[in-house]
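So the structure is just underneath, and the comments pick up after that.
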Amino acid sequence: MPSPNRKKSRPKEDSQPQGPSPLRGWLPVRHASLPWAGWLAAGSAIAAVALLVNFQTLHFAFVSWDDSTYVTQNPWIRDWSWENLRHIFTKPYFVSYMPLQLVSYMLDHSLWGLKPFGYHLQQILLHALDSVLAFELVRRLLGRFWLAFIAALLFAVHPSHVESVAWISARKDVLSAAFLFPSVIFYLLARGDRSLRPGPYAASIVFFTLAVLSKVNVVVMPLFLLLVDWTTLRLPRSGPRWWIQVLGTKVPYGAIGLGVMVVNWIVEVKTNKEYAHDPLRYLVLKGHATWDYLGILAGVHRQSPIYDTPPTHLDPASAAVRLSGLLLLPALVWWGLRVRHRVLAFGAGWMLVMLLPAMFFPVPTYVADRYLYHASLGFCWLLAAAILGAGARIRPPKLRLAAAALLTAGVASFFAVRTVRYNRVWAGSESLWSYTIQASRDFRAFNNLARVRIEQNRWDDAERLFKLGARQVNVTSWEGLTVVYYKTGRYAEALQANDKSFALHAQRGKEDRGELAELYYKRGSVLLGLNRTGEAIQDFEKALQINPGHTEARKMMEAARSR
């Protein structure tokens with residue numbers, strides 16, 4: 001019989017805690033294998049929920065926000081020709097290089113033509129797949145079935161994903177996740193205590209390559225793998241082998257990511273706003289954006305397709321509060337490492353890594369829901385851990401499972417209701433832009449709603465909206481006014497608006513040849529309306545010199561010559 005004064009033996013360092021809480025552990029997870037039937041049941045439930053909350057999007061139309069560029073007017077997705085594939089994989093398209101996104105549209109076009117139903121179908125199927133893969137990723141990373149299940153369930157219904165799922169032009173988010181999540185899963189399968197298994201490691205690199213070719217932002221993922229290795233690799237850190245395992249094994253990811261990233265850096269549009277040239281203002285603004293992202297993830301921030309850039313106040317109190325947003329996630333990672341809390345360190349680390357491109361690349365968009373698609377998984381597993389932790393505090397123990405289930409149902413229902421409601425905003429161009437102008441003063445919202453009014457022949461409304469958009473310096477509003485005035489027979493005003501478009505185009509410094517061809521085409525049309533046929537023909541010829549494929553300019557030039 002053991003002595004009552006004998007000290008209890010301490011658990012080994014790599015042993016996992018028993019019971020539902022605390023959710024700690026540090027060295028490699030020794031998770032129990034999950035029976036195939038159990039995995040299939042969990043995955044089916046997650047996929048079904050993801051499909052259910054987004055089912056209504058199958059009836060949505062294309063919207064007048066990049067869908068025409070990517071799909072309806074994209075000549076490179078019309079058939080599976082060698083010429084089209086070569087062009088897609090060798091040349092950037094629409095100021096970015098994401099060839100697999102275009103290939104996915106090519107698949108849709110081959111099956112559905114230009115029926116939006118098929119494009120939306122692929123979108124929600126990809127999101128359902130991503131949600132199931134999220135379950136497997138978290139389960140393998142943290143070794144907790146219920147934590148992984150709840151996290152994936154919340155990921156499936158999270159309202160921050162509406163833009164990525166309901167907007168066809170945001171295909172890159174759901175597509176890249178379908179490759180990124182397996183890349184991490186295969187890396188976890190490859191990672192041993194002291195070395196990497198070559199088969200799963202090669203598979204991880206292949207899936208990472210596919211993810212980067214779908215969306216360049218995921219190039220940051222190897223930074224998360226560094227965090228995993230830092231906390232799990234059992235090799236003496238004083239020797240070179242440890243550094244080869246941690247850093248050397250990331251070289252293939254870095255080489256692949258760097259090549260795609262350089263191409264996109266060259267061709268992508270960067271913001272030219274004043275704050276981008278002031279490091280302090282830029283950091284203050286990005287700190288503010290971090291708090292906005294956390295509000296969107298928590299479901300308390302009003303969502304919008306376009307978020308207006310807030311003023312960047314540099315008074316000490318305001319700047320300190322905003323800058324603290326940049327420190328929050330790194331602080332949580334540090335604290336998780338300090339207290340050896342796997343869920344906290346990895347959850348905050350995943351969010352931090354996946355938000356890095358949005359925070360430090362000078363994108364023209366201040367905040368966008370689509371930037372949260374990958375990052376939100378870390379938030380979901382932190383929230384799942386909080387739910388399980390709260391349930392574990394319930395007395396008596398028999399009620400703990402019921403309490404955790406009720407909390408999960410409550411949070412998931414809250415997110416699902418917000419998702420279903422916000423999905424309706426994306427049903428078509430009119431609903432999208434009518435909603436957006438209530439939340440944003442951005443000229444793009446006014447211009448896009450004005451285009452809808454043009455299609456409806458509501459010329460007075462279109463003119464009013466273009467004038468509201470013209471309060472911000474941009475070519476598009478004046479180009480739109482040119483169309484309104486031309487269509488209503490006000491040729492002199494149309495010519496003035498067109499001249500203003502040319503002036504703003506020249507002021508911008510960087511020439512947009514497609515836009516320039518369109519301006520010449522519009523001026524030629526106005527001049528033809530004024531019976532200045534010779535001048536009109538010259539402008540049509542200039543439009544065709546810049547863009548030989550401009551069919552409308554060619555038709556108008558032939559009509560002018562036949563007079």
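Quick note: residue numbers are just sequence positions, from 1. For the numbers below, each heavy atom of this structure counts, side chains included, while hydrogens, waters and symmetry mates do not.
Between Phe208 and Tyr187, a ring centre-to-centre spacing not shorter than 6.0 Å is recorded. Between Phe181 and Phe135, the ring center distance fails the sub-6.0 Å criterion. Aromatic pair Phe207/Phe186: centroids less than 6.0 angstrom apart.
Put simply, the side chain of Asn423 gets close to the backbone of Val53: a donor and an acceptor are under 3.5 Å apart.
Between Tyr253 and Tyr201, the ring-plane angle classifies as perpendicular under the 30° and 60° cut-offs. By the 30° and 60° cut-offs, the orientation of the rings of Trp167 relative to Trp65 is parallel. Between Trp426 and Tyr422, the ring planes lie perpendicular to each other; the angle is over 60°, past the 30° to 60° tilted range. Using a 30° and 60° split on the angle between ring planes, His288 and Tyr366 fall in the tilted class, from 30° to 60°.
Within 6.0 Å of CZ in Phe117 there are more than 12 heavy atoms belonging to other residues, nucleotides or ligands. More than 12 heavy atoms of other residues, nucleotides or ligands lie within 6.0 Å of CG in Leu399, so this atom counts as buried by the packing criterion.
Counting heavy atoms from C-beta on, the side chains of Gln101 and Tyr70 come closer than 4.5 Å. The closest side-chain heavy-atom distance from Ser64 to Trp433 is below 4.5 Å. Residues Leu223 and Leu226 meet the side-chain proximity criterion, which asks for heavy atoms closer than 4.5 Å. Looking at Arg444 and Ile306, their side chains come closer than 4.5 Å, going by heavy atoms from C-beta outward. At least one side-chain heavy atom of Asp229 sits less than 4.5 Å from a side-chain heavy atom of Thr249. Looking at heavy atoms from C-beta onward, Leu142 lies in side-chain contact with Phe346 at the 4.5 angstrom threshold.
Taking CZ from Arg342 and CG from Leu344, the interatomic distance works out to 12.5 Å, rounded to the nearest 0.5 Å. Between the NE2 atom in His161 and the CG atom in Leu377 there is a gap of 8.0 Å [rounded to 0.5 Å]. Atom-to-atom distance recorded for Leu196:CG and Arg191:CZ is 4.0 Å, nearest 0.5 angstrom. Here the CD1-CZ distance, from Ile150 to Arg144, works out to 12.5 Å after rounding to the nearest 0.5 Å. Rounded to the nearest 0.5 angstrom, Leu51 CG and Leu121 CG are separated by 9.0 Å. Of the inter-residue distances, the one linking Leu227 atom CG with Leu352 atom CG reads 9.5 Å to the nearest 0.5 angstrom.
Relative to the ring axis of Phe415, Arg421 does not place its NZ or CZ within 45° and under 6.0 Å from the centre.
Classification of Asp108 and Arg171 as a salt-bridged pair holds, one side-chain N sitting under 4.0 Å from a carboxylate O.
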